[in-house]
Student: 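This is the structure, below, for whatever I ask next.
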Amino acid sequence: MFKWASWFGSSDTEKEIVSPNGRNKCTVIIKSGQIFYKVERDNKPLINVSKLGFLISGEPELGQNLKAVRLVSRNHDEEFEMLWGEDKIIKNQYRETAIYLNESKDPRRIFTIRFRVFNDAVAFRYEIPPQPKFQQISVADELTQFNIDLNTIAWKIPAYQPDRYEYNYEKTSVYDLVHSVHTPLTMKTPNGYYVSIHEAALYNYGSMTIKLSEDKKLKADITPLSDGTKAHLSLPFETPWRLIMIADSAIELTTNRVMYCLNDPPKHDFSWVKTIKFIGIWWAMYVGEWTWAPGERHGATTAHTKEYIDAAIRLGVSGVLIEGWNDGWEGDWLENGVNNSFTKSTPDFDLPEVARYAHAKGIEIVGHHETVGFVDNYEKQLEDAYNFYAANNVHYIKTGYAGSQILIHGRREYHHSQVGVNHYQKTVELAARKHICLDIHEPIKGTGIERTWPNLLSREGARGQEYEGGAISPSHACYLPYTRLLSGGMDYTVGILDLANSVKRMSTTLTRQIAYFITIYSGMVMAADRPYIYEERFPDLIKFIRDVPTDFEKTVPLAGEVGEYYVVARKAKNGDWYIGGVTDETARRVNIGLHFLDDGAYFAEIYSDSDDAHYRDNQFGHNISTRNVSKNESIDIYMAPGGGFAIRLSQSK
Ligand code: NOJ
């Protein structure tokens, strides 16, 4: 227990908060009126003494002349259920201390910093109550530091760049993080621990990026608004949680679920939300067979959509996405998108008719809104656009915000700025009211809000397979589980089997495309190739695509290293297990002990690279085999360069 006497009203003091298992220790330090924290694991340093506080426009720094006037500590231990996802049950166990701070000099403002120390994370947030003369504030800078050893390895993607989140990861050291990078920022400390800095519950505030400040300390860099401030706030305000995920190994990090613990349970009934696997009128445009814009080769016609609906039934998937169905794609769609209509179809597309056709056959339509970042144009039509889909029984929409910035309130702003965050949130809440699920491309990053808003089923929000054909290397999908996917699921547009087509040559083997259904979780999964490719060229893979679920009971991370390889097992809600693996340019053999299975015999269907497969010159080499296994056995499997594998294990009846 803390010592009240030494804390109350004192200006120099320390308070230790220790995780339930005793391994993580966060020490909060007040020294010379400033507040700091540090984090240790097993008594070894993870985050060295780091400053906390804010610069508020037109005000003295909030973080000086502080006194702790009250401390409230408590323990928390519960399990909660996610409606859908990678793990149904999440353990939420932490020790919390809230530190109430007063300035001892004018303007005598007050605020609180709440710390939670988990067995696998440390998190804290600022809570600022309204107070006389301190009610509407503009944040000029958040001073939060994450002062980690400069020799720590970091895997980064750059922030504030034209392609938003869609970059290849690069291995570097903290010493080199002089330009802002996105979170989750995954790192390996010199003492061998894995740490990922991220945030949870991002509402009404700029997204946190991270950079090395001039005094060589990692620091929060909140995405600015075009007026240069970071956020305009009305008090009371709670910042997003600053989250430091901690693990002993890279693979252990991949199932860190603390982000969800730091978000609220749903406040409404979301029992109508269902994850979905679908095909899409999409890749045919990328490979030049069809076009987004109307014309001879227009993709999104009524006739094509009906063909896709029929194909969805044959393939055993539940939905069809339709891109390019609306007014605005003619000419330079990136320029002209400012006038896109979200209710007016092209003459050759009849939404009520395809919706009727789909509904009669039990297939869901996945609608599409490409805003091209023209948010003002989109917001004007938002209510009508969602009503149009809702009236036609459309329960899923993929939205997109192509372009380097968004146009909102008449200004060019970052997608990840406070106004961007608020726009995305508006779409999620409106969609929830209309019983519509969203998959957002060019989104605000995930911060676990899908616990509260489960209709936000997925985001693209990282370099996805549309970059294939030169801009993706086999290591990319081996970075994602340790970096981007710590922020939630991703629509990677998986299952593109026409690997060697001349327009978009894939940097994978065939079975790796199947592995993605397991290694890259998404609540909305597009089997992205054209149906005729599945049916005419790869009929032996359709069964797997049909069987693999989009919602799991639990996830067991098995093996891997950041950017090198990743092997994971997931239990489906019907009791079947799926195991997937991907490797970078290096061939690997893995031996998978099946100890996680339940008792009894399982029938294994194994899709693996052939011994001579290679992502460059023998992409299609693969084997499909079956055998009976039990939990006492193991499966030895080979992954070719740029390859992967998928296994389905079903309980023998
Ligand atoms: C850009 C996106 O990256 C792509 O996936 C989408 O098909 C087009 N915008 C059109 O919406």
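Since we're looking at a predicted model, the values are computed, not measured. Numbers for residues simply follow the sequence, beginning at 1. Atoms within a ligand are numbered from 1 in the order they appear, just like the ligands themselves.
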Student: With a 6.0 Å cut-off on ring centres, are Tyr389 and Trp325 close enough?
Tutor: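 Ring centres of Trp325 and Tyr389 closer than 6.0 Å.
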
Student: Give a yes/no verdict on whether any heavy atom in Tyr401 is under 4.0 Å from an atom of ligand 1.
Tutor: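 Checking ligand 1 against Tyr401, which is what was asked, there is no heavy-atom contact under 4.0 Å.
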
Student: Quick check on contacts: which atoms of ligand 1 are under 4.0 angstrom from a heavy atom of Trp329?
Tutor: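 Those qualifying, in numeric order: 10 (C), 11 (O).
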
Student: Taking the six-membered ring of Tyr357, is the NZ or CZ of Lys306 close enough (under 6.0 Å from the centre) and on axis enough (within 45°)?
Tutor: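 Here Lys306 passes the 6.0 Å and 45° test against Tyr357.
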
Student: If you count heavy atoms of other groups shown closer than 6.0 angstrom to NE2 of His614, is the number above 12?
Tutor: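 Check passes, neighbour count above 12.
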
Student: For the pair Gln513 and Gln465, evaluate side chain to side chain donor-acceptor pair (under 3.5 Å) and give the outcome as yes or no after the intermediate values.
Tutor: CA-CA 10 Å; Gln513 288 289 333; Gln465 290 218 96; 2.9 Å; yes

Student: Is it the case that more than 12 heavy atoms not belonging to Lys171 sit under 6.0 Å from its NZ atom?
Tutor: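 Check fails, neighbour count at 12 or below.
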
Student: Check Lys504 with Asp498, please: is the shortest side-chain N to carboxylate O separation under 4.0 Å?
Tutor: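 Not counted as a salt bridge, because no side-chain N and carboxylate O are separated by less than 4.0 Å.
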
Student: Once you restrict to heavy atoms under 4.0 Å, what part of Glu323 touches ligand 1? Side chain, backbone, both or neither.
Tutor: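 The part of Glu323 near ligand 1 is the side chain, not the backbone.
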
Student: Counting from 1, what ligand 1 atoms have a heavy atom of Trp292 closer than 4.0 Å?
Tutor: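 Those qualifying, in numeric order: 7 (O), 10 (C).
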
Student: Could you tell me whether Trp290 and His304 have their ring centroids closer than 6.0 angstrom?
Tutor: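 Yes, the ring centres sit under 6.0 Å apart.
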
Student: Under 3.5 Å between any N/O of Trp333 and any N/O of ligand 1: does that happen in this structure?
Tutor: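 In fact, backbone or side chain, Trp333 has no N or O that close.
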
Student: How far is atom 5 (O) of ligand 1 from the closest protein heavy atom, and which atom is that?
Tutor: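 Here the nearest protein heavy atom works out to Glu466 OE1, 2.8 Å.
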
Student: Could you tell me whether Arg570 sits above the aromatic face of Tyr578, with NZ or CZ closer than 6.0 angstrom to the six-membered ring centre and within 45 degrees of the axis?
Tutor: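 Arg570 over Tyr578 ring: no.
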
Student: Using a 4.0 Å cutoff against the non-hydrogen atoms of His368, which atoms of ligand 1 qualify?
Tutor: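 The atoms of ligand 1 under 4.0 Å from a heavy atom of His368 are 11 (O).
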
Student: Note the single closest protein heavy atom to atom 11 (O) of ligand 1, along with its residue, its atom name and the distance in Å.
Tutor: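 Protein heavy atom at minimum distance: Glu370 OE1, 2.6 Å.
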
Student: Would you say Glu460 and ligand 1 have an N/O pair spaced under 3.5 Å apart?
Tutor: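 No: no nitrogen or oxygen of Glu460 is under 3.5 Å from one in ligand 1.
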
Student: Can you tell me if Glu442 contacts ligand 1 (heavy atom of the residue under 4.0 Å from the ligand)?
Tutor: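 The answer is yes, since Glu442 has a heavy atom less than 4.0 Å from ligand 1.
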
Student: Between Met285 and ligand 1, which residue portion shows a heavy-atom distance shorter than 4.0 Å: side chain, backbone, both, or neither?
Tutor: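 Neither; no heavy atom under 4.0 Å.
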
